[in-house]
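One structure is given here, and the rest of the page talks about it.
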Amino acid sequence: MLYVQRDAKGRICELHPTPVGSADEARMADDPEVLQFIHERWRQNELSELDRDFVRVIEDTIELLIDKGVILFTDLPLKVQEKLLRRKEVRQLTAFGGRLGGGDDIIPL
């Protein structure tokens, strides 16, 4: 049994294993509306993960173009330079601390 909370339009916006706050409507786990909510959330999470991976691919591509002399780092807009430097800094910190994971590794395809 799952307990659902609904938004202002009556759609499920949260699922809980026990009644919590306004999530007091009991539904079976195989209820079509519950399954649809779970599927939509999974799809949103999958897209977010793909977006994160794609950002890393773009970063690696930019670094490759710079290394090969196709573009200069200074050719990039200042905001892009700042973001690339900040992301590189964070990746280096996580590589040393290992807390956030990922480090400076290559994304598997």
Side-chain angles (χ1 to χ4, degrees):
M1 189 67 59
L2 294 170
Y3 296 86
V4 302
Q5 180 175 339
R6 296 188 180 272
D7 63 16
K9 294 182 179 178
R11 295 177 301 206
I12 296 175
C13 61
E14 289 184 25
L15 288 176
H16 298 274
T18 59
V20 176
S22 62
D24 56 2
E25 179 185 343
R27 293 287 182 162
M28 298 298 292
D30 63 351
D31 179 280
E33 192 177 12
V34 169
L35 292 174
Q36 180 181 353
F37 174 78
I38 292 170
H39 177 73
E40 288 173 2
R41 284 293 169 106
W42 174 83
R43 190 172 52 216
Q44 289 170 354
N45 290 339
E46 182 73 14
L47 285 173
S48 294
E49 186 175 326
L50 288 170
D51 288 348
R52 283 189 303 272
D53 290 347
F54 194 67
V55 166
R56 183 58 194 267
V57 169
I58 292 170
E59 284 180 77
D60 290 346
T61 302
I62 291 170
E63 286 182 21
L64 177 66
L65 293 171
I66 291 170
D67 291 346
K68 293 205 175 259
V70 176
I71 62 172
L72 297 173
F73 183 76
T74 54
D75 290 340
L76 299 169
L78 185 58
K79 290 287 186 188
V80 174
Q81 292 177 32
E82 291 169 357
K83 289 181 187 307
L84 287 170
L85 288 173
R86 179 65 182 140
R87 288 184 58 84
K88 189 172 188 173
E89 177 184 319
V90 170
R91 279 198 316 272
Q92 288 172 346
L93 289 173
T94 58
F96 291 120
R99 292 192 179 109
L100 298 177
D104 213 15
D105 56 337
I106 302 297
I107 293 178
L109 299 176

Exercise. Is there a path from V70 to V80 through hydrophobic residues (I, L, V, M, F, W, Y) whose side chains come within less than 4.5 Å of each other?
Worked result: yes
Exercise. Can you hop from L47 to F54 via hydrophobic side chains spaced under 4.5 Å?
Worked result: no
Residues forming a side chain to side chain contact (heavy atoms under 4.5 Å, CB included) with [X], sequence neighbours excluded:
X	answer
E59	V55, R56, L84, R87, R91
T61	V57, L65
L85	F73

For this session: Kindly write out the residues that satisfy salt bridge (charged side-chain N to carboxylate O under 4.0 Å, His left out) with E89, not counting sequence neighbours, or none if the list is empty.
Result: R86
Exercise. What's the spacing between Q44 CD and E49 CD if we round to 0.5 Å?
Worked result: 14.0 Å
Exercise. CD1 of I71 to CD of E63: how many Å apart, nearest 0.5 Å?
Worked result: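 I71 CD1 to E63 CD: 10.5 Å, rounded to 0.5 Å.
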Problem set entry | Heavy-atom closest pair, residues A29 and L2 | CA-CD1, 4.0 Å
Donor-acceptor pairs under 3.5 Å, side chain of residues 3-14 to any protein atom, not counting sequence neighbours: which ones?
residue : atom : partner : partner atom : Å
Q5      : NE2  : S22     : OG           : 3.4
R6      : NE   : E25     : OE1          : 2.7
R6      : NH1  : G10     : O            : 2.7
R6      : NH1  : E33     : OE2          : 2.7
R6      : NH2  : E25     : OE2          : 2.9
R6      : NH2  : E33     : OE1          : 3.0
D7      : OD1  : K9      : N            : 2.9
D7      : OD1  : G10     : N            : 3.0
D7      : OD1  : R11     : N            : 2.9
D7      : OD2  : R11     : NE           : 3.2
D7      : OD2  : R11     : NH2          : 3.3
E14     : OE1  : H16     : NE2          : 2.7

Problem set entry | Any residue meeting side chain to side chain donor-acceptor pair (under 3.5 Å) with D31, in chain and number order, not counting sequence neighbours |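 Per chain and number, D31 pairs via side chain to side chain donor-acceptor pair (under 3.5 Å) with R27.
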